[in-house]
A.B. asks: 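Below are the structure tokens for one structure; questions will follow.
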Amino acid sequence: MNKRWLLTRLGLVGALVAGALVVVFAPPAQSIEASLSAVASPTWQTNGSVQGITVAAGKAYAGGRFTSVRPPGAAAGTGEVAQAYLAAFDENTGALVTAFNPVLNGQVYAVAASADGSRIFVGGDFTTVNGVTRNRIAAFDTATGALVTTWKPSVSFRVKTIAVHGNTVYFGGSFGLVNNLTRNRLAAVSADAGTLLPFAPSVNGDVYAVDAADDGSKVYAGGQFSAVNGTNQNTVASLDPATGAVLPFPGASAVPPPNGSCTTRVKAIDASGDTVYFGNGGDGGGCFDGTWAVDVSTNALKWKNQCLGATEAVKVVNGWLYKGSHAHDCANQGAGGFPQGFDYRYLLVEKISDGTLGPWYPNTDAGPPTEVGPLAFATGGDDLWVGGDFFSTNGVGQQGLTRFTNATPGAAPAKPAKLLPYSVQPGVVQIHFPTVVDNDDSTLTYRLLKGFSNTTIATWTAKSTPWDRPWLHYTDTNVVPGETPNYRVEVTDGSTTLRGNYSDPVTVASAPSTAYDQIINADGPQGYWRLGEPAGATTSVDSSGQSNNGTFGGAVLGQPGAIAGNTAMTATLTSGRMTSEKGYSMPQQFTVEAWVKQSGTNRGGRIIGFGNSKAGTSATGGDRQLYMRTNGSIVFGVNDGAQKTLTSTSGKNDGQWHHVVGTFDNGAMKLYVDGALAGSASVGTASLYYGWWRLGYDNNTNWPGGGASQVGMSIDEGAVYPYALTPVQVQSHFAAR
């Protein structure tokens, strides 16, 4: 048998063939791909939110609203040690530093350290420290833990943010006076003696964040303001570090001006090297919540990432930008990540070169009712301390404070799934399987092992993320008819290796299979609904082995089917449908397939497609769909910002069964009807949203020729695949009826 012909028939040209050992799709795997492990290191917890953190002299200092702290793993109320508003923890072990026990009478919002680590500066709402007057700002000696008695500026109202550069302490907040002299929300004092400095910008709204460039050439401030020194400054300003004069800032155009539906504010700033990074949080649907970067020397914009979900903290650690937010849509305007509906991600990392998301996927939760999560970041160089109003980290109880280090081996890959090999051609076994996720390494190495000897017969290096898990494919031709091999997958991140369970033995075919379901499953569907359930059933069983059952609604079962021995689903109501249980993130490689029968010159309906509603009607009518127009033509539609369709000839509502397939491969779309190509086109990226595969009704009245009556439409053998079937595969499915 010609192997090239066979692989073409199976749609696997380019897959590994027997005897080939390595195909590299991505760079080699490594244990920790970004600079930090996604595994949280032990640290004490707080009983309330942490608002500010700094690391100095081997300790992490956290300030906030908490009144006590407790050991890692301890439930709330267990092992509590009274320590209100400010506490210190050992940077290496995370343990409470009991020798540091200041007494403040109000909460802390900001904590910063001197460059040499000898002092920390704290700001907030307090007016006394250890019984001594300290109006909203104070300094502590890190060697002794003592309040610095000679450093005592007096601030008239809340200090929200502090940054230190050289011998200057910059701070911002809601105040109007410092040492009884006018300082409207921004001021500076000397780090050694606390002397008020000439830096005196006048800001017309609260300041949330301040930082100085590493070279000291500029100070950046962000917050809830619109003017500085009487000039328009939309929530962010670049200032002269000595006087507070406003400097030209072209990069600030990244922040959209407020309007009736959107007001966004700079909430976090981190200057690192030649770049300064900003994080925004907005009010209003779709309002700018993302990050942006500016060149310090020119103040020009470098990049902008428009993830939705307010950014509260940013920090550069070893060449990566770590971000604390409640991100819920990182597909927005090319942000390069997951779509709305996938998940809330409270911790992310971005490449400092362009702001795209990087390979680091730990997570916290968010404390009700604020639903914020992380609020403050700090680093000692090789770690990241995270404070906020969360209650867990990576699903384990950890309130208010957590930390991540670069300690290896980092997170482990998930265990690979048990394989489902099929043999439908003599001397051939087909294997398809999804990649897995490693929370701090998106690039993993996979090995396909054969038999109980675990002989490696194929190796891949492939990328995956929590929201995008590509499938890998292999055709084993080094088998003989009647043989019963088994297989398993091994995955490694370069440090930790895991193996999946052995597959059940597969009997290698001696003759071509004529069983329709076997032929379909051999091509690796992600979901396969035969729709052969008896009348009255509410659940459609997924026959692909991927555990993606569906739920029926408004459909009659037990009707004559397209395939002998199996029944079909018929829509007696306009809304007859089946919706799959598992959701997916904006697939860009897929195939939709079904058999359809409809009668009547004015009838058609939706056959199979993707939608953003699991239970009801999709808000936009969905896309990635096959539907029938009233004239009986079959349409394959994908939305890449505009509705793109391929349309077959008419007359398919003739009361006969027709095989319909739509394939999409990163912009290349094709429509097949009854095994033959009916149209093709090159388009853009399919719609970026989280959704579910659906058979039958969804509201597509806004699509060309959509909205035809579904009544009487029979659908059978629905399947979706995580790649584009080849023309030969499509033809073989049609011929298998």
Side-chain angles (χ1 to χ4, degrees), residues 11 516-517 519-520 523 525-531 555 559-563 566 568-571 576-578 580 590-600 603-611 622-638 644-665 668-681 693-698 700 703-706 708-710 712-721 723-737:
Y516 184 85
D517 61 324
I519 292 170
I520 296 300
D523 283 334
Q526 193 175 47
Y528 175 29
W529 304 278
R530 302 209 68 195
L531 306 177
Q559 304 300 298
I563 306 301
N566 191 51
M569 172 184 90
T570 298
R577 60 177 176 258
M578 185 229 76
S580 65
F590 64 89
T591 296
V592 286
E593 175 183 41
W595 288 84
V596 62
K597 182 173 69 171
Q598 178 64 292
S599 300
R603 289 185 178 178
R606 196 171 191 263
I607 304 164
I608 185 171
F610 199 61
D623 71 336
R624 299 166 171 87
Q625 62 177 321
L626 290 164
Y627 62 94
M628 183 184 291
R629 303 182 67 157
T630 55
N631 66 356
S633 60
I634 304 297
V635 181
F636 178 40
V638 171
K644 304 297 176 63
T645 58
L646 300 172
T647 305
S648 77
T649 56
S650 61
K652 304 304 184 290
N653 49 0
D654 56 3
Q656 302 299 313
W657 284 105
H658 295 280
H659 182 241
V660 293
V661 176
T663 71
F664 189 84
D665 186 357
M669 60 184 297
K670 295 180 181 180
L671 169 65
Y672 300 87
V673 177
D674 294 334
L677 182 66
S680 63
W693 293 111
R694 304 162 57 105
L695 284 152
Y697 177 77
D698 210 349
N700 65 347
W703 282 78
S709 173
Q710 198 94 16
M713 174 179 279
S714 293
I715 303 171
D716 202 6
E717 305 290 342
V720 294
Y721 305 77
Y723 67 102
L725 293 178
T726 67
V728 176
Q729 285 175 298
V730 173
Q731 172 61 33
S732 71
H733 293 189
F734 170 65
R737 182 188 176 196

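Note that the numbering runs from 1 along the sequence shown for the chain.
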A.B. asks: Partners of Lys670 by salt bridge (charged side-chain N to carboxylate O under 4.0 Å, His left out), sequence neighbours excluded?
C.D. replies: none
A.B. asks: Relative to each other, are the rings of Tyr516 and Trp595 parallel, tilted or perpendicular (30° and 60° limits)?
C.D. replies: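 Plane angle over 60°, so perpendicular.
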A.B. asks: Taking all non-hydrogen atoms of both residues, which atom of Gly718 and which atom of Leu695 are closest, and how far apart?
C.D. replies: CA-CD2, 3.9 Å
A.B. asks: With rounding to the nearest 0.5 angstrom, report the OH to CD distance, Tyr672 to Gln729.
C.D. replies: 9.5 Å
A.B. asks: Mind checking side chain to side chain donor-acceptor pair (under 3.5 Å) for Gln598 and listing every partner two or more places apart, or none if nothing turns up?
C.D. replies: none
A.B. asks: What's the shortest heavy-atom distance between Ser580 and Trp529, and which atoms?
C.D. replies: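 Smallest interatomic distance, heavy atoms only, reads CB-CZ2, 3.7 Å.
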A.B. asks: Run the side chain to side chain donor-acceptor pair (under 3.5 Å) test against Asp517 and tell me which residues pass, sequence neighbours left out.
C.D. replies: none
A.B. asks: Between Asn700 (side chain only) and Gly622 (backbone N and O only), is there a donor and an acceptor less than 3.5 Å apart?
C.D. replies: no
A.B. asks: Test of understanding: with side-chain contact (heavy atoms from CB on, under 4.5 Å), list the residues that count as partners of Ala568, not counting sequence neighbours.
C.D. replies: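 side-chain contact (heavy atoms from CB on, under 4.5 Å) list for Ala568, sorted by chain: Trp657, Asp716.
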A.B. asks: Check whether any side-chain N or O of Asp674 sits under 3.5 Å from a backbone N or O of His659 as a donor-acceptor pair, and report yes or no.
C.D. replies: yes
A.B. asks: Kindly write out the residues that satisfy salt bridge (charged side-chain N to carboxylate O under 4.0 Å, His left out) with Arg694, not counting sequence neighbours, or none if the list is empty.
C.D. replies: Asp698
A.B. asks: Can you name the residues that form a side-chain contact (heavy atoms from CB on, under 4.5 Å) with Pro560, not counting sequence neighbours?
C.D. replies: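 In terms of side-chain contact (heavy atoms from CB on, under 4.5 Å), with neighbours along the sequence ignored, Pro560 is linked to no residue.
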A.B. asks: Side chain of Thr645, backbone of Val635: donor and acceptor closer than 3.5 Å?
C.D. replies: no
A.B. asks: Compare every heavy atom of Asp623 with every heavy atom of Arg606, then report the nearest pair and how far apart it is.
C.D. replies: NH2-O, 3.6 Å
A.B. asks: Could you pull out the closest heavy-atom pair between Leu671 and Ser648, with the gap in Å?
C.D. replies: CD2-N, 3.8 Å
A.B. asks: Roughly how far apart are Met669 CE and Lys644 NZ, rounded to 0.5 Å?
C.D. replies: 9.0 Å
A.B. asks: Would you say the side-chain atoms of Asn631 pair up with the backbone N or O of Ser650, donor to acceptor, closer than 3.5 Å?
C.D. replies: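 Not confirmed, Asn631 side chain does not pair with Ser650 backbone.
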A.B. asks: Quick one: do Ile607 and Met713 satisfy side-chain contact (heavy atoms from CB on, under 4.5 Å)? Show the steps, please.
C.D. replies: CA-CA 8 Å; Ile607 304 164; Met713 174 179 279; 4.1 Å; yes
A.B. asks: Could I get the full list of side chain to side chain donor-acceptor pair (under 3.5 Å) partners for Thr647, not counting sequence neighbours?
C.D. replies: none
A.B. asks: Mind listing the closest non-hydrogen atom pair of Gly675 and Val730 along with its distance?
C.D. replies: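 Of all heavy-atom pairs spanning Gly675 and Val730, the closest is CA-CG1, 4.3 Å.
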A.B. asks: What's the spacing between Gln731 CD and Thr726 OG1 if we round to 0.5 Å?
C.D. replies: 10.5 Å
A.B. asks: Could you tell me which residues satisfy salt bridge (charged side-chain N to carboxylate O under 4.0 Å, His left out) with Glu717, sequence neighbours excluded, listed by chain and number?
C.D. replies: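 With neighbours one apart ignored, the set is Arg530.
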A.B. asks: Once rounded to the nearest 0.5 Å, what's the spacing between atom CE of Met628 and atom CD of Gln710?
C.D. replies: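 Spacing of CE (Met628) from CD (Gln710) equals 10.0 Å.
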A.B. asks: His733 versus Asp523: any side-chain heavy-atom pair under 4.5 Å?
C.D. replies: yes
A.B. asks: Mind checking side-chain contact (heavy atoms from CB on, under 4.5 Å) for Thr591 and listing every partner two or more places apart, or none if nothing turns up?
C.D. replies: Val661, Thr663, Tyr721, Ala724, Leu725
A.B. asks: What verdict does the side-chain contact (heavy atoms from CB on, under 4.5 Å) test give for Val720 and Ile608, after you've listed the backbone C-alpha separation in whole Å, the side-chain angles of each residue and the deciding distance to 0.1 Å?
C.D. replies: CA-CA 9 Å; Val720 294; Ile608 185 171; 4.1 Å; yes
A.B. asks: Test Gln625 against every option in Trp703, Phe636, Phe610 by the side chain to side chain contact (heavy atoms under 4.5 Å, CB included) rule and name the one that passes.
C.D. replies: Trp703
A.B. asks: Just jot down the side chain to side chain donor-acceptor pair (under 3.5 Å) partners of Ser680, sequence neighbours excluded, or say none.
C.D. replies: none
A.B. asks: Drop me the distance from Met578's CE to Trp693's CH2, to the nearest 0.5 angstrom.
C.D. replies: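 Atom-to-atom, Met578:CE and Trp693:CH2 are 11.5 Å apart.
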A.B. asks: Please report the shortest heavy-atom distance between Ile520 and Glu593, naming the atom on each side.
C.D. replies: CD1-OE1, 3.8 Å
A.B. asks: The criterion is ring-ring contact (aromatic ring centres under 6.0 Å, His included); which residues satisfy it with Phe664, sequence neighbours excluded?
C.D. replies: Phe590
A.B. asks: Going from CG on Leu531 to OG on Ser714, what distance comes out if it is rounded to the nearest 0.5 angstrom?
C.D. replies: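 The CG atom of Leu531 sits 10.5 Å away from the OG atom of Ser714.
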